[in-house]
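I have placed the structure first, in the form of C-alpha cells, so that the comments after it can refer back to it.
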There are 2 protein chains.
Amino acid sequence: MEAATHGGHDAHGRRGDTRARIQQVALELFAEQGYERTSLREIAERLGVTKAALYYHFKSKEDIVNSFTEDYFAQLDELIAWGQGQPGTARTTHELLERYIGIVLDGSEVFRFLHRNQAMVHSTQEGKAHRFEEFRPKMDALLEIIAGPDAPARSRVRATAALFGVSASCMFFTPESLGPDSDAKDITPALQPLPDRDELRKIVLELADDLTRDIA
Amino acid sequence: MEAATHGGHDAHGRRGDTRARIQQVALELFAEQGYERTSLREIAERLGVTKAALYYHFKSKEDIVNSFTEDYFAQLDELIAWGQGQPGTARTTHELLERYIGIVLDGSEVFRFLHRNQAMVHSTQEGKAHRFEEFRPKMDALLEIIAGPDAPARSRVRATAALFGVSASCMFFTPESLGPDSDAKDITPALQPLPDRDELRKIVLELADDLTRDIA
DNA sequence: GTCTATAGACGGATAGAC
DNA sequence: GTCTATCCGTCTATAGAC
C-alpha cells in the first residue's frame, strides 16, 4: 500500500488522483466532525484547491458520501445474501459474526462515519435520497438471520446487543481515525493501550458468541 | 402525568409553560433529525410561535440542548461517584449496570439524542462549549469502574461491549420517540413486538452480566 | 482540471414595537 | 411574552475564464 503502483513520478508529492484524495479527506472530516459541520470549503482548503474543483469530481456534497459508502454497503449485502442462504444453526451465526467483524474492522473509518452521523441515517428530508437509508434495513436483516424470524424478545435483544456491542468495540479500539498528524493522544484513556487487530478480532468474536450462544 | 397539577384553566389547550414545550419539541426533533438539520424556525413553527419567542426563553440554540442534558449528566455523575466509592467486586459491577440501565431507560429520549448526534459529542469547534463533551469522559469513568484500572484488553473490550450493547438495546427497544401522532409503524420490523419495560430491563441486565462475569 | 466570482437560499441571532 | 423586521454570516452550487 505504501509503494507506488507504477513508477511514481509525482511532481510535488501528490499525483493526479484528486478524486481519491477528496474522498479520503472528506471521509476523515465527516467522521470526525460530522457531515453537516463539515463544509466543502474546509475540505477544499485542506487539499489546497478551491470548492469549485470539488464539483468537477463530484456532482454534490452527498455524492461524495455515496462514493465511499457504496463499497461498504455492498459488503453487507453480500454477507446478508450469504446468511440467508445458510441453515439457521449456531454455526451459521458464528460465521456470520466472524465475517461481520471483518467488514467492520476493514472499513472502520466508514463505520465510524456512519456511527457519528446516525441522524442522517434515520431521517431523510425533502427528496434527498442518500444511500444511508439502506443502512438500517441491512442491520435488521442481519438481526433476523441471527435471531431467526418471530424469535422471542430475549433472543432479539441479545442479537442486537451482539451486533452493536461488536460494532462499538471495533470502532473504539481501532485508531484508524488518527491521521498522519495526531499520533499520540486522542484516544480516550480508558481504552489504552489498544490491542492489536488480531487480538481484538478474537476478543470481540468470543463476546459475540457468548451473547448469541443459547438463542434460536 | 396526565391530570393537571393545579386546576387547569388552560385557554386553548396549552398553558403558559412555553419553556417546557420548547424543550420537549426540540428534544424530539433533535433526536429524530439531528441537531444541525433542525432549525429554530422548524421548532417555532411546530409550536405555533416565532423564532424570536424562543430567544426569550433560551439565549441560544445550544442553550436549549444544555437544558435537557443537564439532568441526564447529573444522574451519570451520581452513578460514577457511587461506583468509585464501592469495592471492585462483581457485586458492584452488577449493581452499577442495573442503575445504568435504569438511567438510560428513564432518559431514553435524551439518550437517543446523544446517540444520534455523536458528531457533536466528539468535536467542538471554535469556543463552542456544549455540555456534551462531558459525555465521553463519563462513559470512560464507568468503563474504568467496571474493568478496573490497568485491566487487560479483553476486560476493557467486554466492558465496552456491555455498556454500549446495553445502551443500544435500551434505545432500540424503547418506543419513546414516537410522538402522539405516529403510533403504528416507525419501529424497525426486526424489533417487533416490543417487550415491555420490565422484561427489557431483565433481559438487558442478564446480557450485561454475561459480558462482565469473568472480568476483573 | 482548476480558478474567480457570484447567485441564491437559509441559518442563528438581535432590536424594538406592542 | 410574543411579534415584525432585519442584520450578517455561511453554505451549496453554478457560470464562465484560463
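Salt bridge absent: Arg201(B) and Asp196(B) never bring a charged side-chain N and a carboxylate O closer than 4.0 Å. A salt bridge links Glu109(A) with Arg112(A): the distance from a Lys NZ or Arg NE/NH1/NH2 to an Asp or Glu carboxylate oxygen falls below 4.0 Å. Salt-bridge formation is not detected for the pair Glu45(A)/Lys51(A): no Lys NZ or Arg NE/NH1/NH2 atom is positioned less than 4.0 Å from an Asp or Glu carboxylate oxygen. The existence of a salt bridge linking Arg46(A) and Glu42(A) is excluded, since no basic side-chain nitrogen approaches an acidic carboxylate oxygen closer than 4.0 Å.
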Collect all protein-nucleotide pairs involving nucleotides 7-11 of chain D in which both atoms are nitrogen or oxygen and the distance is under 3.5 Å.
| from | atom 1 | to | atom 2 | distance (Å) |
| --- | --- | --- | --- | --- |
| dC11(D) | OP1 | Ser39(A) | OG | 3.4 |
| dC11(D) | OP2 | Arg41(A) | NE | 3.3 |

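Taking 4.0 angstrom as the limit, Tyr55(B) places none of its side-chain polar atoms (N or O) nearer than this to OP1 or OP2 of dT14(C).
When rounded to the nearest whole Å, the span between CG of Leu54(B) and P of dC3(D) equals 9 Å. Note: NE2 (His57(B)) to C1' (dA13(C)) measures 16 Å, nearest angstrom. Look at CD on Glu45(B): it is 17 Å from P on dT2(D), rounded to the nearest Å. Between Leu47(A) atom CG and dG1(C) atom P the separation is 15 Å, expressed in whole Å.
Phe30(A) is not listed as a side-chain neighbour of Arg116(A), based on a closest heavy-atom distance of 4.5 Å or more.
Closest to the side chain of Thr50(B), out of dT2(C), dC3(D), dG1(D), is dC3(D).
DNA chain D is contacted by both Ser60(A) and Ala53(B); Ala53(B) maps to the nucleotide lying nearer its 5′ end (nearest heavy atom per residue). Nearest-nucleotide assignment on DNA chain C puts the 5′-proximal partner with Tyr56(A), out of Tyr56(A) and Ala52(A).
Note: His115(A) and His115(B) meet the aromatic proximity criterion, with ring centroids under 6.0 Å apart.
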